[in-house]
Amino acid sequence: MTEALSKSLRHSAAARWISLAIVSFSMLCGYYVADVASPLKPLLEQQLKWTSAEYGFFTGAYAWFNVAMFMLIIGGILLDKLGARLTGILACILMVAGCTLKWWAVTTHVLDGGMFFGTKTQVWVAALGYAVFGVGIEIVGVTATKVIARWFKGYEIALAMGLQVGTARIGTSLAVGLGGPIAEKFHQSIGAPILVGVVLLSFGLVAYIIYCAMDRRLDETEGLMEGPSEEDAFRLSDIADILRIRGFWYVTILCALFYSGVFPFIKYAPDLMVQKFGVRENLAGSIPSILPIAAIPLTWFFGWYYDKKGKGATLMVLGSLLLVAVHFVFAVPFLNSWVVALVATIFLGFAFALVPSAMWPSIPRFIPHRQLGTAYGLIFWTQNLLALWVVPYLIGWVLDKYCIVGTRVSQAGTSPAYNYGLPMAIFTVLGVLAVVFGLLLKAEDKAKGFGLELPSRG
Ligand SMILES: NCCCC[C@H](NC(=O)[C@@H](N)CCCCN)C(=O)O
(Lines give C-alpha, C1' and ligand atoms only; values in the text may rest on other atoms or scores of the structure.)
Protein backbone atom coordinates (compact mmCIF):
# COMPACT_ATOMS: atom_id res chain seq x y z
CA MET A 1 0.00 0.00 0.00
CA THR A 2 2.83 2.39 0.90
CA GLU A 3 4.39 1.63 -2.47
CA ALA A 4 1.07 2.21 -4.23
CA LEU A 5 0.60 5.53 -2.46
CA SER A 6 4.07 6.73 -3.35
CA LYS A 7 3.17 6.14 -7.03
CA SER A 8 -0.26 7.74 -6.72
CA LEU A 9 -1.29 9.88 -9.68
CA ARG A 10 -2.14 12.56 -7.10
CA HIS A 11 1.54 13.28 -6.72
CA SER A 12 1.81 14.35 -10.34
CA ALA A 13 1.14 18.10 -10.42
CA ALA A 14 0.15 17.89 -14.10
CA ALA A 15 -2.43 15.19 -13.38
CA ARG A 16 -3.89 17.18 -10.46
CA TRP A 17 -4.27 20.38 -12.45
CA ILE A 18 -5.59 18.62 -15.56
CA SER A 19 -8.23 16.80 -13.51
CA LEU A 20 -9.17 20.11 -11.88
CA ALA A 21 -9.42 21.82 -15.29
CA ILE A 22 -11.70 19.11 -16.73
CA VAL A 23 -14.06 18.99 -13.74
CA SER A 24 -14.14 22.80 -13.62
CA PHE A 25 -15.11 22.91 -17.30
CA SER A 26 -18.13 20.67 -16.62
CA MET A 27 -19.09 23.03 -13.77
CA LEU A 28 -18.68 26.06 -16.05
CA CYS A 29 -21.21 24.59 -18.50
CA GLY A 30 -23.63 23.93 -15.62
CA TYR A 31 -23.28 27.46 -14.25
CA TYR A 32 -24.06 28.91 -17.69
CA VAL A 33 -27.39 27.08 -17.74
CA ALA A 34 -28.12 27.84 -14.07
CA ASP A 35 -28.12 31.58 -14.79
CA VAL A 36 -29.06 31.89 -18.45
CA ALA A 37 -32.69 32.78 -17.67
CA SER A 38 -31.80 35.95 -15.76
CA PRO A 39 -31.13 38.20 -18.79
CA LEU A 40 -34.24 36.71 -20.42
CA LYS A 41 -36.67 37.92 -17.71
CA PRO A 42 -37.97 40.90 -19.74
CA LEU A 43 -38.44 38.66 -22.83
CA LEU A 44 -40.28 36.04 -20.77
CA GLU A 45 -42.62 38.78 -19.55
CA GLN A 46 -43.12 40.38 -22.95
CA GLN A 47 -43.37 37.32 -25.22
CA LEU A 48 -44.70 34.60 -22.93
CA LYS A 49 -46.50 36.92 -20.48
CA TRP A 50 -44.80 35.47 -17.40
CA THR A 51 -45.29 37.54 -14.24
CA SER A 52 -42.45 38.26 -11.81
CA ALA A 53 -43.99 35.76 -9.39
CA GLU A 54 -43.95 33.11 -12.15
CA TYR A 55 -40.34 33.95 -12.92
CA GLY A 56 -39.55 33.63 -9.20
CA PHE A 57 -41.47 30.32 -9.09
CA PHE A 58 -39.46 29.02 -12.06
CA THR A 59 -36.15 30.23 -10.59
CA GLY A 60 -36.89 28.62 -7.23
CA ALA A 61 -37.67 25.30 -8.95
CA TYR A 62 -33.89 24.75 -9.14
CA ALA A 63 -34.06 23.62 -5.51
CA TRP A 64 -37.39 21.73 -5.51
CA PHE A 65 -36.08 18.18 -5.64
CA ASN A 66 -32.80 18.98 -3.91
CA VAL A 67 -34.68 20.25 -0.88
CA ALA A 68 -38.09 18.56 -0.80
CA MET A 69 -36.85 15.12 -1.91
CA PHE A 70 -33.52 15.47 -0.09
CA MET A 71 -31.77 14.80 -3.40
CA LEU A 72 -28.61 16.53 -2.21
CA ILE A 73 -28.32 14.26 0.78
CA ILE A 74 -29.24 11.20 -1.30
CA GLY A 75 -26.75 12.40 -3.92
CA GLY A 76 -24.04 12.62 -1.25
CA ILE A 77 -24.82 9.07 -0.11
CA LEU A 78 -24.83 7.86 -3.75
CA LEU A 79 -21.47 9.50 -4.20
CA ASP A 80 -20.12 7.58 -1.23
CA LYS A 81 -21.70 4.33 -2.43
CA LEU A 82 -21.21 4.50 -6.22
CA GLY A 83 -18.09 6.64 -6.42
CA ALA A 84 -17.36 9.84 -8.32
CA ARG A 85 -17.45 8.33 -11.82
CA LEU A 86 -20.96 6.89 -11.99
CA THR A 87 -22.47 9.63 -9.78
CA GLY A 88 -20.87 12.40 -11.85
CA ILE A 89 -21.95 10.92 -15.19
CA LEU A 90 -25.54 10.38 -13.98
CA ALA A 91 -25.64 13.94 -12.67
CA CYS A 92 -24.32 15.34 -15.98
CA ILE A 93 -27.02 13.39 -17.86
CA LEU A 94 -29.67 14.89 -15.54
CA MET A 95 -28.35 18.36 -16.38
CA VAL A 96 -28.67 17.74 -20.14
CA ALA A 97 -32.16 16.22 -19.76
CA GLY A 98 -33.44 19.01 -17.51
CA CYS A 99 -32.13 21.79 -19.73
CA THR A 100 -33.61 20.13 -22.82
CA LEU A 101 -37.04 19.99 -21.14
CA LYS A 102 -36.74 23.65 -20.15
CA TRP A 103 -35.84 24.59 -23.74
CA TRP A 104 -38.81 22.63 -25.08
CA ALA A 105 -41.19 24.31 -22.61
CA VAL A 106 -40.30 27.84 -23.71
CA THR A 107 -40.26 27.06 -27.44
CA THR A 108 -43.28 24.79 -27.98
CA HIS A 109 -46.83 26.03 -28.60
CA VAL A 110 -48.37 22.81 -27.25
CA LEU A 111 -48.58 24.33 -23.76
CA ASP A 112 -50.08 27.66 -24.86
CA GLY A 113 -53.03 28.82 -22.75
CA GLY A 114 -52.80 25.95 -20.23
CA MET A 115 -53.04 26.72 -16.51
CA PHE A 116 -52.30 24.51 -13.50
CA PHE A 117 -52.99 25.66 -9.94
CA GLY A 118 -53.14 29.27 -11.11
CA THR A 119 -49.76 29.15 -12.86
CA LYS A 120 -49.14 28.72 -16.62
CA THR A 121 -48.53 25.08 -17.63
CA GLN A 122 -45.54 26.32 -19.58
CA VAL A 123 -44.03 27.78 -16.40
CA TRP A 124 -44.62 24.45 -14.61
CA VAL A 125 -42.91 22.41 -17.35
CA ALA A 126 -39.97 24.82 -17.65
CA ALA A 127 -39.69 24.73 -13.85
CA LEU A 128 -39.75 20.93 -13.89
CA GLY A 129 -36.88 20.93 -16.37
CA TYR A 130 -34.98 23.41 -14.23
CA ALA A 131 -35.65 21.28 -11.13
CA VAL A 132 -34.18 18.19 -12.84
CA PHE A 133 -31.22 20.26 -13.98
CA GLY A 134 -30.86 21.58 -10.41
CA VAL A 135 -30.46 18.05 -9.06
CA GLY A 136 -27.79 17.34 -11.66
CA ILE A 137 -25.71 20.45 -11.13
CA GLU A 138 -25.83 20.28 -7.33
CA ILE A 139 -24.73 16.64 -7.32
CA VAL A 140 -21.97 17.48 -9.80
CA GLY A 141 -21.00 20.32 -7.39
CA VAL A 142 -20.71 17.98 -4.39
CA THR A 143 -18.91 15.39 -6.54
CA ALA A 144 -16.45 17.99 -7.86
CA THR A 145 -15.74 19.18 -4.31
CA LYS A 146 -14.99 15.66 -3.14
CA VAL A 147 -12.92 14.99 -6.27
CA ILE A 148 -10.83 18.11 -5.60
CA ALA A 149 -10.49 17.29 -1.90
CA ARG A 150 -9.13 13.87 -2.92
CA TRP A 151 -6.67 15.04 -5.59
CA PHE A 152 -5.44 18.05 -3.60
CA LYS A 153 -5.32 16.60 -0.09
CA GLY A 154 -2.03 17.81 1.36
CA TYR A 155 -1.53 20.17 -1.61
CA GLU A 156 -2.98 23.59 -2.56
CA ILE A 157 -6.58 22.71 -1.64
CA ALA A 158 -7.94 26.26 -1.09
CA LEU A 159 -6.34 27.48 -4.31
CA ALA A 160 -7.79 24.47 -6.17
CA MET A 161 -11.30 25.06 -4.78
CA GLY A 162 -10.94 28.78 -5.57
CA LEU A 163 -9.92 27.94 -9.13
CA GLN A 164 -12.86 25.58 -9.53
CA VAL A 165 -15.40 28.09 -8.21
CA GLY A 166 -13.76 30.93 -10.18
CA THR A 167 -13.85 28.92 -13.41
CA ALA A 168 -17.49 28.01 -12.85
CA ARG A 169 -18.21 31.75 -12.53
CA ILE A 170 -17.10 32.18 -16.16
CA GLY A 171 -20.27 30.22 -16.99
CA THR A 172 -22.41 32.64 -14.95
CA SER A 173 -20.71 35.55 -16.63
CA LEU A 174 -21.27 34.14 -20.12
CA ALA A 175 -24.92 33.47 -19.28
CA VAL A 176 -25.67 36.90 -17.85
CA GLY A 177 -23.59 38.82 -20.41
CA LEU A 178 -24.38 36.86 -23.58
CA GLY A 179 -27.91 35.53 -22.90
CA GLY A 180 -29.53 38.79 -24.12
CA PRO A 181 -27.30 39.29 -27.19
CA ILE A 182 -27.73 35.62 -28.25
CA ALA A 183 -31.53 35.98 -27.98
CA GLU A 184 -31.36 39.22 -29.97
CA LYS A 185 -29.16 37.68 -32.68
CA PHE A 186 -31.84 35.06 -33.24
CA HIS A 187 -34.75 37.54 -33.50
CA GLN A 188 -35.43 37.87 -29.74
CA SER A 189 -35.52 34.08 -29.41
CA ILE A 190 -35.81 32.95 -25.78
CA GLY A 191 -34.96 29.40 -26.86
CA ALA A 192 -31.61 30.20 -28.54
CA PRO A 193 -29.50 30.94 -25.42
CA ILE A 194 -31.06 27.91 -23.69
CA LEU A 195 -30.25 25.69 -26.66
CA VAL A 196 -26.65 26.92 -26.45
CA GLY A 197 -26.83 25.64 -22.86
CA VAL A 198 -27.92 22.17 -24.02
CA VAL A 199 -24.93 22.06 -26.38
CA LEU A 200 -22.53 23.26 -23.65
CA LEU A 201 -23.84 20.68 -21.18
CA SER A 202 -23.28 17.93 -23.75
CA PHE A 203 -19.64 19.05 -24.00
CA GLY A 204 -19.55 19.10 -20.18
CA LEU A 205 -20.75 15.48 -20.12
CA VAL A 206 -18.05 14.46 -22.60
CA ALA A 207 -15.45 16.29 -20.49
CA TYR A 208 -16.59 14.46 -17.36
CA ILE A 209 -16.37 11.10 -19.16
CA ILE A 210 -12.77 12.02 -20.05
CA TYR A 211 -12.13 12.89 -16.38
CA CYS A 212 -13.43 9.42 -15.43
CA ALA A 213 -10.46 7.87 -17.23
CA MET A 214 -8.15 9.88 -14.95
CA ASP A 215 -10.19 8.96 -11.90
CA ARG A 216 -9.92 5.26 -12.79
CA ARG A 217 -6.17 5.66 -13.24
CA LEU A 218 -5.97 7.39 -9.84
CA ASP A 219 -7.77 4.46 -8.24
CA GLU A 220 -5.40 2.04 -9.94
CA THR A 221 -2.32 3.90 -8.76
CA GLU A 222 -3.71 3.92 -5.24
CA GLY A 223 -4.70 0.26 -5.44
CA LEU A 224 -8.44 1.04 -5.03
CA MET A 225 -11.63 -0.12 -6.72
CA GLU A 226 -14.53 2.16 -7.78
CA GLY A 227 -16.83 2.76 -4.82
CA PRO A 228 -16.35 3.77 -1.22
CA SER A 229 -13.45 2.83 0.92
CA GLU A 230 -14.31 1.66 4.42
CA GLU A 231 -13.25 5.09 5.62
CA ASP A 232 -15.60 6.92 3.25
CA ALA A 233 -18.71 4.77 3.70
CA PHE A 234 -21.82 6.66 4.82
CA ARG A 235 -23.24 6.09 8.30
CA LEU A 236 -26.48 7.65 9.54
CA SER A 237 -24.79 8.61 12.80
CA ASP A 238 -22.48 10.91 10.77
CA ILE A 239 -25.36 13.36 10.37
CA ALA A 240 -25.90 13.50 14.14
CA ASP A 241 -22.15 13.89 14.72
CA ILE A 242 -21.96 16.80 12.32
CA LEU A 243 -25.05 18.54 13.68
CA ARG A 244 -23.53 18.49 17.16
CA ILE A 245 -20.75 20.86 16.01
CA ARG A 246 -21.87 24.44 16.69
CA GLY A 247 -19.35 25.84 14.19
CA PHE A 248 -21.01 23.72 11.51
CA TRP A 249 -24.36 25.44 12.20
CA TYR A 250 -22.74 28.88 12.01
CA VAL A 251 -21.02 28.18 8.71
CA THR A 252 -24.18 26.58 7.26
CA ILE A 253 -26.40 29.53 8.22
CA LEU A 254 -23.76 32.01 7.07
CA CYS A 255 -23.58 30.16 3.75
CA ALA A 256 -27.38 30.20 3.28
CA LEU A 257 -27.66 33.89 4.19
CA PHE A 258 -24.67 35.08 2.19
CA TYR A 259 -25.67 33.19 -0.95
CA SER A 260 -29.28 34.43 -0.48
CA GLY A 261 -27.86 37.89 -1.02
CA VAL A 262 -25.99 36.87 -4.17
CA PHE A 263 -27.61 34.06 -6.20
CA PRO A 264 -31.17 35.48 -6.21
CA PHE A 265 -29.69 38.94 -6.82
CA ILE A 266 -28.03 37.63 -10.01
CA LYS A 267 -31.45 36.38 -11.18
CA TYR A 268 -32.96 39.85 -10.87
CA ALA A 269 -29.90 42.05 -11.51
CA PRO A 270 -30.38 42.48 -15.28
CA ASP A 271 -33.98 43.61 -14.66
CA LEU A 272 -32.77 45.93 -11.86
CA MET A 273 -30.33 47.52 -14.34
CA VAL A 274 -33.17 48.23 -16.76
CA GLN A 275 -35.70 49.36 -14.16
CA LYS A 276 -33.53 51.45 -11.83
CA PHE A 277 -30.43 52.39 -13.80
CA GLY A 278 -32.06 52.89 -17.22
CA VAL A 279 -29.80 50.40 -19.04
CA ARG A 280 -31.11 49.27 -22.47
CA GLU A 281 -32.81 45.87 -22.37
CA ASN A 282 -30.42 44.15 -24.77
CA LEU A 283 -27.50 45.33 -22.62
CA ALA A 284 -29.24 44.60 -19.31
CA GLY A 285 -26.83 41.78 -18.46
CA SER A 286 -23.64 43.67 -19.29
CA ILE A 287 -23.07 45.20 -15.82
CA PRO A 288 -24.23 42.12 -13.81
CA SER A 289 -21.94 39.94 -15.96
CA ILE A 290 -19.02 41.89 -14.44
CA LEU A 291 -19.91 40.44 -11.01
CA PRO A 292 -18.70 36.90 -11.76
CA ILE A 293 -15.90 38.26 -13.99
CA ALA A 294 -14.55 40.35 -11.07
CA ALA A 295 -15.00 37.38 -8.76
CA ILE A 296 -12.95 34.98 -10.95
CA PRO A 297 -9.37 36.28 -10.37
CA LEU A 298 -10.29 37.42 -6.86
CA THR A 299 -11.54 33.95 -5.88
CA TRP A 300 -8.28 32.49 -7.14
CA PHE A 301 -6.32 35.17 -5.27
CA PHE A 302 -8.17 34.78 -1.95
CA GLY A 303 -7.92 30.97 -2.23
CA TRP A 304 -4.16 31.33 -2.62
CA TYR A 305 -4.09 33.89 0.23
CA TYR A 306 -6.00 31.55 2.55
CA ASP A 307 -3.56 28.71 1.82
CA LYS A 308 -0.57 30.94 2.53
CA LYS A 309 -1.72 33.34 5.26
CA GLY A 310 -4.92 31.96 6.76
CA LYS A 311 -7.47 34.51 8.10
CA GLY A 312 -10.39 32.46 6.75
CA ALA A 313 -13.00 33.62 9.28
CA THR A 314 -11.93 37.24 8.86
CA LEU A 315 -12.24 36.96 5.07
CA MET A 316 -15.81 35.65 5.49
CA VAL A 317 -16.79 38.55 7.79
CA LEU A 318 -15.24 41.10 5.40
CA GLY A 319 -17.09 39.58 2.44
CA SER A 320 -20.40 39.73 4.31
CA LEU A 321 -19.80 43.37 5.28
CA LEU A 322 -19.17 44.24 1.65
CA LEU A 323 -22.42 42.49 0.70
CA VAL A 324 -24.33 44.76 3.10
CA ALA A 325 -22.67 47.92 1.79
CA VAL A 326 -23.34 47.06 -1.86
CA HIS A 327 -27.00 46.13 -1.40
CA PHE A 328 -27.53 49.27 0.67
CA VAL A 329 -26.19 51.35 -2.22
CA PHE A 330 -28.51 49.52 -4.65
CA ALA A 331 -31.45 50.22 -2.32
CA VAL A 332 -30.92 54.00 -2.13
CA PRO A 333 -33.39 55.50 -4.66
CA PHE A 334 -31.38 58.54 -5.80
CA LEU A 335 -28.18 56.55 -6.51
CA ASN A 336 -29.38 55.61 -9.98
CA SER A 337 -26.49 56.28 -12.34
CA TRP A 338 -25.11 53.28 -14.23
CA VAL A 339 -21.64 54.26 -12.92
CA VAL A 340 -22.86 53.60 -9.36
CA ALA A 341 -24.24 50.25 -10.55
CA LEU A 342 -20.90 49.40 -12.15
CA VAL A 343 -18.79 50.29 -9.09
CA ALA A 344 -21.19 48.55 -6.68
CA THR A 345 -21.14 45.43 -8.87
CA ILE A 346 -17.33 45.32 -8.81
CA PHE A 347 -17.39 45.53 -4.99
CA LEU A 348 -20.00 42.77 -4.93
CA GLY A 349 -17.50 40.76 -6.97
CA PHE A 350 -15.02 41.17 -4.06
CA ALA A 351 -17.65 39.91 -1.61
CA PHE A 352 -18.53 37.03 -3.96
CA ALA A 353 -14.85 36.04 -3.96
CA LEU A 354 -14.02 36.60 -0.30
CA VAL A 355 -16.69 34.41 1.25
CA PRO A 356 -16.66 31.37 -1.11
CA SER A 357 -12.86 31.19 -1.32
CA ALA A 358 -12.62 31.05 2.48
CA MET A 359 -15.81 29.14 3.30
CA TRP A 360 -15.52 25.97 1.22
CA PRO A 361 -11.92 25.07 2.16
CA SER A 362 -12.73 25.86 5.82
CA ILE A 363 -15.12 22.93 6.22
CA PRO A 364 -12.38 20.23 6.16
CA ARG A 365 -10.69 22.10 9.03
CA PHE A 366 -13.35 21.06 11.50
CA ILE A 367 -15.19 18.15 9.82
CA PRO A 368 -13.32 14.83 9.52
CA HIS A 369 -12.60 13.74 5.91
CA ARG A 370 -14.83 10.68 6.40
CA GLN A 371 -17.87 12.94 6.98
CA LEU A 372 -17.04 15.60 4.39
CA GLY A 373 -19.49 14.47 1.67
CA THR A 374 -22.36 14.41 4.16
CA ALA A 375 -21.37 17.78 5.60
CA TYR A 376 -21.20 19.45 2.17
CA GLY A 377 -24.54 17.80 1.29
CA LEU A 378 -26.17 19.28 4.41
CA ILE A 379 -24.71 22.74 3.75
CA PHE A 380 -25.82 22.67 0.11
CA TRP A 381 -29.28 21.49 1.23
CA THR A 382 -29.76 24.48 3.56
CA GLN A 383 -28.35 26.85 0.96
CA ASN A 384 -30.71 25.44 -1.69
CA LEU A 385 -33.69 25.89 0.62
CA LEU A 386 -33.07 29.54 1.38
CA ALA A 387 -30.86 30.98 -1.36
CA LEU A 388 -32.15 29.07 -4.34
CA TRP A 389 -35.79 28.50 -3.49
CA VAL A 390 -37.35 30.70 -0.78
CA VAL A 391 -35.56 33.99 -1.45
CA PRO A 392 -35.85 34.01 -5.28
CA TYR A 393 -39.55 33.25 -4.96
CA LEU A 394 -39.99 35.83 -2.21
CA ILE A 395 -38.35 38.54 -4.32
CA GLY A 396 -40.58 37.77 -7.32
CA TRP A 397 -43.67 37.79 -5.11
CA VAL A 398 -42.66 41.08 -3.42
CA LEU A 399 -42.06 42.67 -6.84
CA ASP A 400 -45.54 41.75 -8.08
CA LYS A 401 -47.32 42.57 -4.83
CA TYR A 402 -45.64 45.77 -3.67
CA CYS A 403 -43.32 47.15 -6.34
CA ILE A 404 -45.27 47.69 -9.58
CA VAL A 405 -45.20 51.42 -10.32
CA GLY A 406 -46.44 51.53 -13.93
CA THR A 407 -45.98 49.95 -17.34
CA ARG A 408 -42.83 49.79 -19.47
CA VAL A 409 -43.19 49.90 -23.24
CA SER A 410 -40.34 48.64 -25.39
CA GLN A 411 -39.81 47.29 -28.93
CA ALA A 412 -40.53 43.76 -27.75
CA GLY A 413 -43.80 44.67 -25.98
CA THR A 414 -45.10 45.92 -22.63
CA SER A 415 -44.14 44.74 -19.15
CA PRO A 416 -44.58 46.13 -15.60
CA ALA A 417 -42.28 48.88 -14.33
CA TYR A 418 -40.87 47.99 -10.89
CA ASN A 419 -39.33 49.90 -8.00
CA TYR A 420 -36.59 47.64 -6.69
CA GLY A 421 -36.18 49.48 -3.34
CA LEU A 422 -37.91 46.84 -1.20
CA PRO A 423 -36.17 43.78 -2.74
CA MET A 424 -32.80 45.50 -2.28
CA ALA A 425 -33.68 46.28 1.36
CA ILE A 426 -34.43 42.56 1.85
CA PHE A 427 -31.02 41.68 0.37
CA THR A 428 -29.38 44.21 2.73
CA VAL A 429 -31.01 42.61 5.79
CA LEU A 430 -29.84 39.17 4.66
CA GLY A 431 -26.32 40.59 4.44
CA VAL A 432 -26.53 42.00 7.98
CA LEU A 433 -27.57 38.58 9.29
CA ALA A 434 -24.65 37.02 7.38
CA VAL A 435 -22.25 39.39 9.18
CA VAL A 436 -23.70 38.31 12.53
CA PHE A 437 -23.15 34.61 11.75
CA GLY A 438 -19.69 35.35 10.36
CA LEU A 439 -18.78 36.97 13.69
CA LEU A 440 -20.26 34.03 15.62
CA LEU A 441 -18.17 31.65 13.52
CA LYS A 442 -15.03 33.71 14.15
CA ALA A 443 -15.69 33.64 17.92
CA GLU A 444 -16.38 29.88 17.83
CA ASP A 445 -13.17 29.31 15.90
CA LYS A 446 -11.26 31.21 18.57
CA ALA A 447 -12.94 29.24 21.36
CA LYS A 448 -12.62 25.78 19.78
CA GLY A 449 -9.40 26.23 17.80
CA PHE A 450 -10.67 25.03 14.38
CA GLY A 451 -7.70 26.83 12.84
CA LEU A 452 -9.74 28.93 10.41
CA GLU A 453 -7.34 31.83 10.84
CA LEU A 454 -4.25 29.70 10.14
CA PRO A 455 -2.56 28.97 6.77
CA SER A 456 -2.96 25.53 5.14
CA ARG A 457 -0.57 22.87 6.40
CA GLY A 458 0.33 20.83 3.30
N1 LIG B 1 -16.24 23.51 -3.48
C2 LIG B 1 -17.60 23.94 -3.22
C3 LIG B 1 -18.05 24.75 -4.35
C4 LIG B 1 -19.36 25.43 -4.09
C5 LIG B 1 -19.43 26.66 -4.91
C6 LIG B 1 -20.71 27.40 -4.77
N7 LIG B 1 -21.81 26.64 -5.34
C8 LIG B 1 -22.88 26.35 -4.66
O9 LIG B 1 -22.97 26.70 -3.53
C10 LIG B 1 -23.99 25.57 -5.33
N11 LIG B 1 -24.71 24.87 -4.32
C12 LIG B 1 -24.97 26.47 -6.04
C13 LIG B 1 -24.61 26.74 -7.46
C14 LIG B 1 -25.60 27.72 -8.10
C15 LIG B 1 -25.13 28.14 -9.46
N16 LIG B 1 -25.70 29.38 -9.86
C17 LIG B 1 -20.52 28.73 -5.48
O18 LIG B 1 -19.96 29.65 -4.87
O19 LIG B 1 -20.90 28.82 -6.65
Side-chain angles (χ1 to χ4, degrees), residues 20 23-24 26-38 59-63 66-67 71-73 75-76 91 95 99 130 133-152 157-176 197 251-252 254-267 269 288 291-292 295-296 298-300 302-303 306 316 319 323 348-349 351-364 367 372-373 375-389 391-392:
L20 176 71
V23 171
S24 301
S26 300
M27 291 301 298
L28 181 158
C29 302
Y31 272 48
Y32 170 88
V33 172
D35 291 309
V36 73
S38 54
T59 296
Y62 176 100
N66 289 327
V67 174
M71 284 313 292
L72 266 166
I73 301 179
M95 288 204 284
C99 186
Y130 198 39
F133 164 82
V135 174
I137 188 173
E138 287 293 309
I139 295 180
V140 169
V142 177
T143 307
T145 306
K146 200 170 172 187
V147 160
I148 294 169
R150 181 176 177 202
W151 281 89
F152 285 86
I157 187 162
L159 174 62
M161 286 197 184
L163 282 167
Q164 184 255 308
V165 174
T167 308
R169 300 261 183 273
I170 298 174
T172 301
S173 185
L174 290 174
V176 179
V251 86
T252 302
L254 166 64
C255 171
L257 289 166
F258 175 81
Y259 278 104
S260 292
V262 181
F263 285 152
F265 172 77
I266 293 175
K267 306 286 181 200
L291 165 59
I296 294 162
L298 292 169
T299 310
W300 297 342
F302 290 124
Y306 189 18
M316 286 185 247
L323 182 74
L348 191 55
F352 199 23
L354 277 161
V355 176
S357 59
M359 179 187 291
W360 300 112
S362 287
I363 318 295
I367 300 285
L372 261 190
Y376 278 120
L378 287 166
I379 297 173
F380 272 31
W381 185 88
T382 318
Q383 179 215 46
N384 267 243
L385 175 63
L386 196 71
L388 296 161
W389 188 354
V391 174

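Note that this is a predicted model, so its numbers are computed, not measured. Every number for a ligand or one of its atoms is a count from 1 in the order of the listing.
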Is there side-chain contact between [X] and [Y], with at least one heavy-atom pair below 4.5 Å?
X      : Y      : result
Tyr31  : Ile137 : yes
Met359 : Cys255 : yes
Thr172 : Tyr32  : no
Met95  : Val33  : no
Leu20  : Trp151 : no

Does any N/O atom on Tyr62 come nearer than 3.5 Å to any N/O atom on ligand 1?
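No - when backbone and side-chain N and O of Tyr62 are compared with those of ligand 1, no distance drops under 3.5 Å.
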
Can we call the ring centroids of Trp360 and Phe258 under 6.0 Å apart?
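Not close enough - the centres of the two rings lie 6.0 Å or further apart.
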
Selection residues 134-145 - residue pairs positive for side chain to side chain donor-acceptor pair (under 3.5 Å), sequence neighbours left out:
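Sorted result for residues 134-145: Tyr62-Glu138, Glu138-Asn384.
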
Heavy atoms only, cut-off 4.0 Å: how does Phe263 contact ligand 1, side chain, backbone, both, or neither?
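Only the side chain of Phe263 comes within reach of ligand 1.
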
Taking 4.0 angstrom as the limit and counting only heavy atoms of [X], give me the atoms of ligand 1 inside it, by number and element.
X      : value
Phe380 : 4 (C), 11 (N)
Val165 : 3 (C), 5 (C), 18 (O)
Tyr259 : 6 (C), 17 (C), 18 (O)

Among all the protein's non-hydrogen atoms, which is closest to [atom], and how far away is it?
atom                    : result
atom 16 (N) of ligand 1 : Asp35 OD2, 3.5 Å
atom 2 (C) of ligand 1  : Thr145 OG1, 3.3 Å
atom 8 (C) of ligand 1  : Gln383 NE2, 3.6 Å
atom 13 (C) of ligand 1 : Tyr31 OH, 3.4 Å
atom 12 (C) of ligand 1 : Glu138 OE2, 3.1 Å

Test side chain to side chain contact (heavy atoms under 4.5 Å, CB included) applied to Leu298 - qualifying residues, sequence neighbours left out
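Checked Leu298 against side chain to side chain contact (heavy atoms under 4.5 Å, CB included); matches are Phe302, Phe350, Ala353.
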
Looking at ligand 1, is there an atom of it that comes within less than 4.0 Å of some heavy atom belonging to Phe352?
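Contact absent.
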
